[in-house]
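Down below is the structure, laid out as structure tokens.
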Amino acid sequence: MNASLPSDWERTLKSQIAGRYDRMARDGSFAHGDRDRLLSDGYPEKWARALPRSISDTYSGCGFAFSGSQLGETRVVVDLGCGAGLDCVYLSSHLPPGALIIGVDLAPEMLFLAQRALASMDFGRLNAIAGHMERLPLADSCADLVTANAAFNLAADKGAALSEAFRILRRGGLLCARDLVLDGPLPSEVLSDPMSFNTSLGGAGEESDLHQSLIQAGFQDIKISDHRPFSMVQSVQIRALKPNC
Ligand SMILES: C[S@@+](CC[C@H](N)C(=O)[O-])C[C@H]1O[C@@H](n2cnc3c(N)ncnc32)[C@H](O)[C@@H]1O
């Protein structure tokens with residue numbers, strides 16, 4: 001685990017993020033959660049159409065992270081910044097029997113919704129953990145797959161979050177995520193707004209920096225693909241492998 005203590009800036013940022021997402025979970029004010037958005041973001045149509053509204057409406061991600069992924073051998077998945085658990089629900093119906101899903105989020109009310117969503121789908125192997133992705137309370141090499149949807153962009157330290165994802169993956173394990181990258185400079189009113197980080201846009205970085213951070217964390221076979229417009233930035237799919245040796 002990353003042992004350094006959070007700075008005052010990080011504490012303030014985290015309390016704003018937790019406050020915002022807890023509020024969203026309590027009053028149901030998910031910005032773009034709905035079935036049409038799931039479909040346009042690339043989620044499989046049959047699955048999305050069968051999803052209860054109470055779950056599809058909580059979607060806060062930036063795209064479908066698992067296109068082209070073989071999940072059949074996966075025993076343990078960790079979803080970083082799992083929110084209300086929409087991707088955990090997707091995984092619950094695509095993993096082999098007995099597989100465990102660990103959802104990590106710093107907003108307790110989101111974790112409550114994630115647990116409720118999985119319970120409503122009769123899936124009892126979600127371990128919902130209150131934690132920070134920059135300092136994961138998880139053992140080394142415990143996961144076959146790490147995912148994160150629109151979450152790394154909110155990390156106070158993206159390098160630390162990616163290093164933690166690498167640490168908890170077993171050798172040969174896969175990082176399969178969606179995140180935001182810049183599509184040109186952001187307007188000055190966004191850059192000067194202290195809240196823009198906590199609403200995701202301000203946390204989007206250059207794609208080349210993301211690629212470099214993945215290399216620095218130790219990943220190989222890195223692919224950043226499927227660029228899609230997302231507000232003023234772009235959503236991308238990230239796939240990266242923890243090498244076998
Ligand atoms: C944009 S939402 C995405 C939620 C979910 N992945 C989805 O696709 O619906 C980002 C989530 O990440 C969580 N989060 C933000 N920063 C975090 C951090 N440093 N550690 C853990 N969770 C974090 C927020 O509380 C929020 O639930």
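What you see below is based on every heavy atom in this structure, not just the backbone, and it leaves out hydrogens, waters and symmetry mates. Counting convention: from 1, in listed order, for ligands and their atoms alike. Values in this document were obtained by computation on a predicted structure and should not be read as measured data.
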Worked check of ring pair (Phe, Tyr, Trp, His ring centres under 6.0 Å) between Phe219 and Phe166: CA-CA 7 Å; Phe219 286 104; Phe166 184 85; 5.1 Å; yes
Nitrogen or oxygen contacts under 3.5 Å, ligand 1 side and protein side:
residue  : atom   : partner : partner atom : Å
ligand 1 : 6 (N)  : Gly81   : O            : 2.8
ligand 1 : 6 (N)  : Asn149  : O            : 3.0
ligand 1 : 8 (O)  : Gly61   : N            : 3.2
ligand 1 : 9 (O)  : Ser60   : N            : 2.8
ligand 1 : 9 (O)  : Gly61   : N            : 3.4
ligand 1 : 19 (N) : Glu134  : OE1          : 3.1
ligand 1 : 19 (N) : Glu134  : OE2          : 3.3
ligand 1 : 20 (N) : Met133  : N            : 2.9
ligand 1 : 22 (N) : Leu106  : N            : 3.3
ligand 1 : 25 (O) : Asp105  : OD1          : 2.6
ligand 1 : 27 (O) : Asp105  : OD1          : 3.3
ligand 1 : 27 (O) : Asp105  : OD2          : 2.7

Could you report the tightest heavy-atom contact between Ser60 and Met24, atom names first, then the distance? OG-SD, 4.5 Å
Out of the candidates Leu180, Asp179, Val181, only one should pair with Glu207 under the side chain to side chain contact (heavy atoms under 4.5 Å, CB included) rule; please name it. Val181
Asp41 with Arg228: basic N within carboxylate O range, under 4.0 Å: no
Work out which heavy atom in Trp47 is nearest to a heavy atom in His94; give both atom names and the distance. CD1-CE1, 4.0 Å
If you look at every heavy atom in Leu214 and Ala240, which pair is closest and at what distance? CD2-CB, 4.4 Å
